[in-house]
Amino acid sequence: MALIVIEELTKDYRLGSHTVHAVRGLTLRVARGELVAIMGPSGSGKSTFMNILGCLDSPTGGRYLLDGEDVAGLSPGELARIRNGKIGFVFQTFNLLARTSAVENVELPLIYAGRPARVRRARAREVLAAVGLADRAHHHPSQLSGGQQQRVAIARALVNDPAVLLADEPTGNLDTRTSVEILVLLQQLNRQGITIVLVTHELDIAAFASRVLTLRDGRLQRDEPVLSPRDASVAQAQLEEEAVA
Amino acid sequence: MNIWESARIAVRALRVNKLRSVLTMLGIIIGVGAVIAMVGVGAGAQASVTERIESLGSNLIVATSGSVTSTGVRLGLGTQYTLTEDDAAAIAREISAVQVAAPSMKGKGQVVYGNLNWSTDVYGVTEDYLEARDWPLDAGRPLDAHDVDGATKVAVLGQTTVQKLFGDSDPLGQIIRIQKVPFTVIGLLAGKGESAYGWDQDDVVLIPLSTAKKKVLGTTQPNPRSVRKVEIKILPGDDMDEAEAQIRALLRQRHRLQPGDDDDFKLGNLTDVLETKEQAAQIMTYLLAAIASVSLLVGGIGIMNIMLVSVTERTREIGLRMAVGAQGRDILLQFLVEAVTLSVIGGVLGIAAGLTGSRAISHFAEWRTLVAPDTIVLAFGFAAAIGIFFGFYPARKAARLDPIEALRYE
């Protein structure tokens, strides 16, 4: 069974007297191990769709099964539990807690999962090492570069072994080099079997995905597999060559 | 997430803004300190009042000669002395709760020493008087049975009288004249201060009752055994009201009063006065505590204010915590614990400030202060409650944030 099953999903907002139909009947499936990019101009309903996908918001109508669990009608408390256990968020602005060390930032989801302190610390170090920041565990965000901060955020997203990693414009605040660095990491994780859904408005970034969904006016406009996705590590090598030349 | 985890997060958050946290706590520190110090002042005043009244004798019943009806004319209280020395003796003998019953006479007298003279109260008393009044001597010896039986011309002086007549010189053994009769000073009374009614109890001369009747105050009374007052001390622990009833019954019987007749004497005790005065002091304590509580309340509002600012500042943090799985109640707990931590630490420091403050008041203003442990517990509990009360609204505001809005907050 697919990891994400969405059928006839709608989301309406009431703005004063009239209703805004942000999402108007989406139907799609995401299988385990995919790296999906969601594209679309602003106003296409992509943010709303991501919020619903991330269980931050509930749909007005339709079905949403995540990892076999119907999450469309859950209470806010139950949604929090799903977010904690099954979803890892990566944001454009990193959203790390200031004045809090990298390892403590990574621990955060485990606190709300109710894990004991010793288990938390060990797991957080393990994941930090996996994103290549073992030696930065006790640095505060202000002492880290943008790329390093986003790696900490990715480690935080992974710490609870989520079913899916949701990345909302993860390279939006980074320069080209660092963006590619982050994409290398995401492709690595994806090859290890982690499902990733990535929101972006840049075609360049979408080219690294295995599938691109394009939204327009709250509907799915295109759903295309990428026949030969770009390899980020190749792109990184090219960039380095250019820099030398 | 458990409380311990929340407390850790709270302390960390408070340390980020040290100055702000300390200033916020200052409201609670001053509030708790003021409550403790003010209640201390009030309780101290209450204790002084109680002690002052007890110096008069709280287990003292005073029988005063009362009005008599003479050929249809009711004469005022004390115009004719209806009580006698024999009444006093009978009271002491027949009522088991009575420790001592001391009959006395009182009059104004001019006391002369050398070229100084002073008008004071002259009391004719028996050897039991000082015991009844709980009145120790500073120097010399008290009047004894021999003085009373033999009508000797000896006097015991109160502090004020000593000061007026002798200044700094030693009065013991000196001869003074009371209404021109020479007396030898044999004893000096300890200072007793103002009475519950406000007169100076130390402005007094005590002489034997017998001497007073024969030589000084004279007696205009038909019965030479009659006295103006009997001071009756009740044994500690015995019921005052019951003793008073027994004395009344005995006196009525001895005076052959019929059931319908009015008493020809008056019984009074100081318990009533004591209660009134204590009530007054208690009201003062409450008043001071109420005024001090206002500052504690202001401190609480300070906490609420700073917590609201903190919630707004950390909106994104709240959004993030929710995104990674914090439930509303986790956020509520986090901010509530933060507010309570502020108020509890403030409360502890406030207790220290209050104790120091009341010491300082005792030392500099020379007021007695009394800080009871229950005041401390109460003030501390009040501070913690204020943290919960004023922390709840900001915490609930934080817990009710929409994670999507909060994450987007700039």
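Residue numbers begin at 1 in each chain, while the letters A, B, ... track the order of the sequences.
At a threshold of 4.5 Å between non-hydrogen side-chain atoms, the residues Glu78(A) and Gln327(B) do not count as touching.
Looking only at heavy-atom pairs under 4.5 Å with chain A, the residue among Gly328(B), Ala323(B), Gly319(B) that has the most is Ala323(B).
Counting non-hydrogen atoms of neighbouring residues, nucleotides and ligands closer than 6.0 angstrom, the CZ atom of Arg123(A) exceeds 12 such neighbours. In the displayed structure, Arg359(B) atom CZ is contacted under 6.0 Å by at most 12 heavy atoms of other residues, nucleotides or ligands. Within a 6.0 Å radius of OH in Tyr13(A), more than 12 heavy atoms belonging to other residues, nucleotides or ligands are found. Counted within 6.0 Å of CZ on Arg121(A), heavy atoms from surrounding residues, nucleotides or ligands total more than 12; the atom is thus considered enclosed.
At a 4.5 Å heavy-atom cutoff, Arg314(B) makes no contact with chain A through either its backbone or its side chain. Only the side chain of Arg8(B) has a heavy atom closer than 4.5 Å to any heavy atom of chain A. With a 4.5 Å cut-off on non-hydrogen atoms, Arg156(A) touches chain B through its side chain but not through its backbone.
Within residues 380-406 of chain B, the residues approaching chain A closer than 4.5 Å by heavy atoms are, in numerical order, Pro403(B), Ile404(B). Residue-level contacts of residues 80-97 of chain A with chain B, in order of numbering, are Ala80(A), Arg81(A), Arg83(A), Asn84(A), Phe89(A), Phe91(A), Thr93(A), Asn95(A), Leu97(A); threshold 4.5 Å between heavy atoms.
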side-chain contact (heavy atoms from CB on, under 4.5 Å) between Asp330(B) and Ile111(A), worked out: CA-CA 10 Å; Asp330(B) 294 327; Ile111(A) 291 179; over 6 Å; no
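Thr100(A) OG1 to Ile9(B) CD1: the interatomic distance, rounded to the nearest 0.5 Å, is 9.5 Å.
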